[in-house]
Amino acid sequence: MTATEVPAPDDTRTPGGNPLGFGRMLRKEDARFLRGQGRYVDDVVLPGMLHGAVLRSPYAHARLVSIDTSAAEAHPRVKAVITGQTLESLNLAWMPTLSGDVTAVLATDKVRFQGQEVAFVIAEDEYSARDALELIDVEYDPLPAVVDAKHALDPDAPVIRDDLEGRTDNHIYDWEAGDAQACEEAFAKADVVVSEDIIYPRVHPAPMETCGSVAHMDKVTGKLTVWTTTQAPHAHRTVYALVAGLPEHKIQIISPDIGGGFGNKVGIYPGYVLSIVGSIVTGAPVKWMEDRSENLMSTSFARDYHMHGDIAATKEGKILALRVNVLADHGAFNGVAQPTKFPAGFFHIFTGSYDYPAAHCKVTAVYTNKALGGVAYACSFRITEAVYLVERMVDCLAFELKMDPAELRMKNLLRPEQFPYTSPTGWEYDSGDYPRALSEAMRIAGYDDLRREQAERRAAAESDPSVPLMGIGLSFFTEGVGAGPRKHMDILGLGMADGCELRLHPTGKAQLRLSVQTQGQGHETTFAQIVSHVLGIPPEDVEVLHGDTDNTPFGLGTYGSRSTPVSGAAAAVAAQRVKDKARLIAATSLECSVDDLEWEHGRWFVKGDPTKGQTMAEIAMAAHSSLELPEGVEGHLDASVVYNPPNLTYPFGAYICVVDVDRQTGVVKVRRFIAVDDCGPRINPMIVEGQIHGGLADGVGMALMEVIAFDKEGNNLGGSFMDYLLPTSLECPSWELGMTVTPSPHHPIGTKGVGESATVGSPAAVVNAVLDALQIRAADMPFTPAMTWRALQGRPMRPDLAIE
Amino acid sequence: MQVPAPFEYERAASVDEAVALLARHGPEARLVAGGHSLLPMMKLRLARPEMLIDINDLSDLDYIRTEGDEIAIGAMTRHAGVLDSAVLAEHYRIFAEAERVIADPIVRNRGTVGGSLCQADPSEDLSAVFSALRGTAVIRSESGSRNVEMRQFHTGPYETAVGAAEMLVEVRLPIRPNSGSAYEKVERRAGDWSIAAAGAFVQLDGEGRIADLGIGLAAVGADHFTCEEAEDALRGGTPSEEAIARAAAICAEGCQPQADQRGPVDYKRHLVGVLVARALTRSAARARGEAA
Ligand SMILES: Cc1cc2nc3c(=O)[nH]c(=O)nc-3n(C[C@H](O)[C@H](O)[C@H](O)COP(=O)(O)OP(=O)(O)OC[C@H]3O[C@@H](n4cnc5c(N)ncnc54)[C@H](O)[C@@H]3O)c2cc1C
C-alpha cells in the first residue's frame with residue numbers, strides 16, 4: 001500500500017476548544033508542569049524516609065582489597081552501610097542484565113569502571129549520607145584498564161570479567177546478518193568500491209532528571225512500593241520479582257512524572273536495588289537520587305560503535321552492495337537493552353532507504369573498563385548507528401564519484417511501488433514514498449540555489465581565508481519502530497505486546513489505562529486524542545492513566561518510539577471495541593436493528609433519521625442503566641486489549657543541513673536545518689513537531705559536541721555538564737519542518753512512531769554538511785572546533801580517547 | 001544531589017565587617033560573592049571552607065563610574081552590570097564583547113567582577129580583559145587599603161595577591177583617548193569556558209602609530225594573562241597586517257596551553273594566533289574610528 005492522502009482535517013471543536021480527534025491542541029500535562037506542580041520521584045517525601053548515597057570507584061579497574069565502614073557507621077545520623085559483602089549474604093551482589101550477562105549491584109571482587117558502585121550509605125538526611133561516604137575506607141589494588149576498544153581483544157589485554165567462569169578474554173559475541181557471499185560477488189563486479197572507518201562515539205542520553213527511586217517495604221502488609229524513574233514500570237516489577245524473589249502481586253512500581261528518559265531509564269540500576277534493600281534492612285522508606293555526575297558516569301551510555309564500511313557501486317552511481325564490520329564497545333558488563341534475539345539491536349537495518357540487493361554486517365562486541373549500557377538515547381535499538389553508517393557511506397561514494405549527494409540518493413532511493421519492501425537483511429518496510437520526501441526537502445531548502453551560493457563562496461574563499469566555508473549535508477533515514485511482534489521480539493522472555501483498558505463512566509467520561517509511560521512525550525494528550533478520534537468524545541473527557549503498575553495493564557514500556565505504534569494501536573482497538581459495543585446498546589435503546597445504525601462523530605443514529613440517535617454519553621448511561629440488553633451483551637461500556645503488533649512501522653524522512661565553517665578557528669555554525677518527516681497521520685502535529693525539534697537538537701549535539709571520551713587510565717572525561725556538552729538554543733537554527741504523510745497499512749489508525757526519528761536521522765546530515773564544507777571525505781564527529789581544525793589539517797583526532 | 005561538606009555561614013554588612021570576619025576566622029574562611037565558582041567547587045568537595053562570609057549585601061561595591069581620567073569598577077558589580085554598562089560601552093567595548101560570551105545569563109546575573117578575578121581560574125575571561133587593559137586592583141584589609149597592578153595580581157592558577165584577611169574592593173582603569181578594544185573567544189558551545197580567548201586594546205597617536213596597546217590571553221597558560229613581548233614588538237609601529245601577524249605569532253609561541261578535551265596544544269597555539277590578530281585588527285580599526 002502506498003496510500004499517501006493526508007486525512008481531511010476535521011474542523012469540529014470541542015467545548016474545551018480542542019480538536020475532536022487529531023489536530024493541534026495544548027498538552028494536558030503542561031497545566032501542571034508550567035505551574036511547577038509536576039510530581040517527580042525526588043518530590044516524593046514519605047514519613048520517616050531515609051536517604052541513600054552511593055560510594056563509587058575512583059578507578060576504572062582495580063581489585064578490591066578491603067572496605068572499612070566502621071567510621072561511617074559511627075556517624076550519628078547514619079542508619080546502615082551496605083557493601084558487596086552484605087549483598088552477597090542475600091545473594092544480591094549480582095543481578096542479571098537484559099542481555100544474558102550479570103552486573104554487579106555492589107562490587108565484591110573488583111571494580112570494572114570508574115564510577116562503579118562500591119557501597120551504599122543510608123542516613124537520616126542526604127547531607128549526612130554524603131558526608132559518611134567520605135568516612136568509608138576502601139583499599140584498591142589498581143589494575144591496567146582496557147580503554148581503547150580496538151585493543152580489547154589483544155592477547156595481552158587484561159581480562160575484565162574474571163568473575164565469569166573460564167573467561168580468558170574480553171570477547172562478548174560475534175553476530176552477523178545478511179549475505180556475505182552475495183556481497184562478495186557484488187563487490188567483485190563493482191566499478192567503484194569505497195571503504196571508510198567511521199566511529200560513532202559514546203554519548204549519553206543525559207535526561208534533565210537524573211535517575212532515582214524511593215522504596216518502601218511495608219513490613220506489615222509485605223507490600224513493596226517503589227517510586228522510580230522508569231520508562232518501563234511493568235518490566236521493572238517483573239524483574240524485581242524474578243531477581244529478588246519478591247511476590248509480584250506485592251510489588252507496586254510507580255513511575256510518576258519523568259523528566260526525560262531517551263533510553264536512559266529503561267534499565268535497572270544498582271541504586272534502585274539498593275534503595276529496596278535499604279528499605280528492607282532499615283524498615284523505613286529509602287530515597288536514592290543520583291547527582292549529575294553519577295548519571296553521566298554510571299548509567300546507560302549509547303552508541304560506541306567502531307564501524308568499517310565498504311560500499312560498491314557502478315560508475316553511474318547505482319549502489320550494488322554495502323557491508324560493514326562493527327567493533328561494539330559494551331563496557332564492563334553486557335547491559336544492552338534490546339529484544340533478546342537482536343544482540344546488536346536493529347543495526348542490520350543499515351541498508352537504509354536504498355534499493356540494492358546485497359548487504360552484510362558482522363558485529364563483534366567487547367568488554368572494556370567503561371560503564372555498561374549500549375542501547376539508549378533515542379536510537380531505536382541502534383538504528384541511529386545504522387543510519388549514520390549508510391548515510392556516511394553514501395556521501396563517501398558521492399565524494400569519490402564527484403556526484404551531487406542528492407542526485408546519488410535520488411538515483412538509489414526505493415520507489416513507492418516497491419512497498420511493502422523486504423530488505424536484503426530481512427526487514428519488511430511497510431510503506432513509503434521516499435523520492436517525494438527528498439524532493440520536498442530540496443524544495444524547502446532551495447537546494448539548487450544553495451549549491452550555487454556554495455560555489456560562489458568557494459571561489460571567494462580561495463583568495464580570502466577568513467571567508468567561511470559553506471557546507472550542505474543530506475541524510476535520508478528509514479526507521480523501524482514499534483517493537484514488536486511477540487513471535488520475534490521479547491525482553492527477558494517477555495513478549496513485546498501491550499495491554500490497554502478503556503472504560504466509559506456512566507456520564508460518558510472515559511479513563512484510558514496504558515502500560516506505556518510518558519517521559520515528556522505528551523501521552524496524556526495524544527492518547528486522549530486517539531480515543532477521541534475513534535469515539536468522537538472530546539479529548540478533555542478522556543483521562544489517561546499510566547505509570548502505576550497497580551492501576552494499569554501489563555506492557556513493556558516506552559522506548560524505541562514504540563508508544564504510538566504499539567500502545568497507540570491498543571488504544572485505538574480498545575476504542576473501536578467500545579464503539580462496536582455502543583452500537584449494540586444503542587440499537588437496543590433505539591429499538592432498531594444494529595445494521596440500521598450509522599455513525600457520525602460521537603453518535604450512533606438511525607439511517608435516514610439523524611434526529612433519532614444516541615451520543616456516546618447517552619449510550620454510556622444506558623449501558624449502566626436497567627435497560628435490558630440482548631443476549632451476550634454485558635452491561636457497562638469498556639474494553640480491554642492486548643495488542644500484538646504484526647510488524648514494526650517504518651517512519652522515514654529527508655534532512656538537509658547547511659553549515660558555515662570558519663576555516664581559521666574550526667568553528668562550525670549550523671545555519672539552516674530542513675527536516676521533512678513522514679510518520680503517517682499526525683495525531684497532534686504540535687507534539688510531533690516538538691519531538692522532531694528535540695531530536696534535531698540531539699543530532700546537532702552529537703555531531704558537534706557530545707562525546708564521552710576516556711583517558712588511558714579509564715577516567716571518564718565527560719562526567720559533568722561542563723564536560724559533556726549539550727547543545728543550547730544558540731547552537732540550533734530555527735528548524736524548518738516539512739512533512740509528507742504515508743500511513744502504515746497495518747496500524748489501526750495508520751500512525752507510525754516519531755519519537756526518535758530526528759535523533760536517528762539528523763547526525764549524518766550535520767556531519768555530511770561539515771565534511772562537504774571542508775571538502776574532506778571522512779572524519780569523525782563530534783566536530784568541536786579542535787576536531788574540525790585538525791580534520792582540515794589532514795590530521796584528524798580520535799573522538800573516543802583523551803586529546804593529547 | 002551534590003552537597004558540600006559542612007560549613008559555617010555569616011553575612012557581612014560592610015567591607016569593614018567582611019575583613020574583620022576574615023581576620024577573625026583565619027585562612028579557612030572564604031568570602032562568597034556570586035557563588036558561581038565557589039559553590040560548584042564546594043558541591044564537588046574540591047573546596048571545603050569551614051566558614052563562608054557572604055558579601056552579597058555590600059551593594060555599595062556594585063558600581064561602574066568615571067572618576068577623573070579613570071574608570072572605577074566595584075568588586076560586587078555583576079557580570080550583567082558590566083555587560084550593560086554605558087560607561088564601559090563608551091570607553092572599552094572589550095567588556096561587552098567578553099561578557100556576552102561569559103557563561104550564560106543566569107551566571108552573569110550573580111557572578112561578580114571580584115569573584116571572577118579572585119577565583120583566578122586560568123580560563124577566566126575578565127582576568128584576560130583586565131590584564132590587557134592594565135588595570136589596578138584595590139585591596140582592603142583591617143589595616144587599610146593597597147593597590148596592586150592587575151599584571152601582578154594573579155600569582156598562579158587559583159592564586160592571587162589578595163591575602164587571607166584581605167578583600168578586593170575595586171578595579172581601576174585609565175581612560176585612553178583614541179583607543180579601541182575588542183575581545184575574541186572560541187568555545188565549544190555557548191556558555192562553555194574558552195578553548196582560547198584574546199583581548200586587546202590599541203591606542204593610536206596622531207600619526208596612526210601605536211602609542212600604547214595591551215594584549216590579554218585566557219585559557220592558554222599565558223603568564224599574567226598577557227604577552228608583553230608581543231606588545232613590545234608592536235608598540236610605536238603602525239598596526240599593519242604584517243606587524244599584527246608578527247605579534248600574534250609571538251603570542252602563539254609564548255603561551256603554554258595544555259592539551260585537554262577542548263583541544264590539543266598545536267590547535268590552541270594556532271587559535272591564539274588567529275584570535276590575537278583578529279582582536280588587534282578590530283581594536284586598531286576602532287581606534288581609527290572605523291566600524292569594526
Ligand atoms: C556554568 C558556568 C559557566 C562559566 N563560564 C565562564 C566563562 O565562560 N568565562 C569566565 O570567565 N567565567 C565563567 N564562569 C565563571 C564565572 O565567571 C564566575 O563563576 C563568577 O563570575 C565568579 O564570581 P562569583 O561572584 O560568582 O565568585 P564566587 O564564586 O562567589 O567566588 C569565587 C572566589 O573568589 C573569592 N572572592 C569573591 N569575591 C571576592 C572579593 N571581593 N575579594 C576577595 N575574594 C573574593 C571567593 O572567596 C572565592 O574564592 C562560569 C561559571 C559557571 C557556573
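Numbered from 1 within each chain, the chains take letters A, B, ... in sequence-line order. Keep in mind the model is a prediction, meaning the values are calculated, not measured.
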Considering all heavy atoms, the nearest [X]-[Y] contact:
X: Gln261(B); Y: Ala709(A); value: NE2-CB, 3.6 Å
X: Ala190(B); Y: Leu730(A); value: CB-CD1, 3.4 Å
X: Val3(B); Y: Glu126(A); value: CG2-O, 4.2 Å
X: Asp131(A); Y: Pro6(B); value: OD2-CG, 3.6 Å

With a 4.5 Å limit on heavy-atom distance, are the side chains of [X] and [Y] in contact?
X: Asp266(B); Y: Arg795(A); value: yes
X: Arg278(B); Y: Thr665(A); value: yes
X: Tyr267(B); Y: Pro785(A); value: yes

Which atoms of [X] approach chain A - backbone, side chain, both or neither, heavy atom under 4.5 Å:
X: Asp192(B); result: side chain
X: Gln258(B); result: neither
X: Pro40(B); result: neither

Heavy-atom pair count under 4.5 Å with chain B, highest-scoring of [options]:
options: Asp662(A), Asp711(A), Asp42(A); value: Asp662(A)
options: Ile803(A), Val707(A), Val668(A), Leu704(A); value: Ile803(A)
options: Glu804(A), Met289(A), Arg790(A); value: Arg790(A)
options: Met705(A), Glu294(A), His51(A), Gln793(A); value: Met705(A)

Given Asp723(A) and Arg188(B), is the salt bridge (Lys or Arg N to Asp or Glu O under 4.0 Å) satisfied, shown in steps? CA-CA 10 Å; Asp723(A) 305 296; Arg188(B) 293 174 300 177; 5.4 Å; no
With rounding to the nearest 0.5 Å, note down the distance linking [atom1] in [X] to [atom2] in [Y].
X: Arg189(B); Y: Thr728(A); atom1: CZ; atom2: OG1; result: 6.0 Å
X: Thr784(A); Y: Ile195(B); atom1: OG1; atom2: CD1; result: 6.5 Å
X: Gln664(A); Y: Leu275(B); atom1: CD; atom2: CG; result: 9.5 Å
X: Arg292(A); Y: Leu44(B); atom1: CZ; atom2: CG; result: 13.0 Å

Using a 4.5 angstrom heavy-atom cutoff, name the option from Arg45(B), Gln2(B), Lys43(B) with the most pairs to chain A. Arg45(B)
Max heavy-atom pair count under 4.5 Å with chain A, selected residue of Gly273(B), Ala196(B), Gly263(B):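 Option with the greatest count: Gly263(B).
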Where on Pro727(A) is there a heavy atom nearer than 4.5 Å to chain B: the side chain, the backbone, both, or neither? backbone
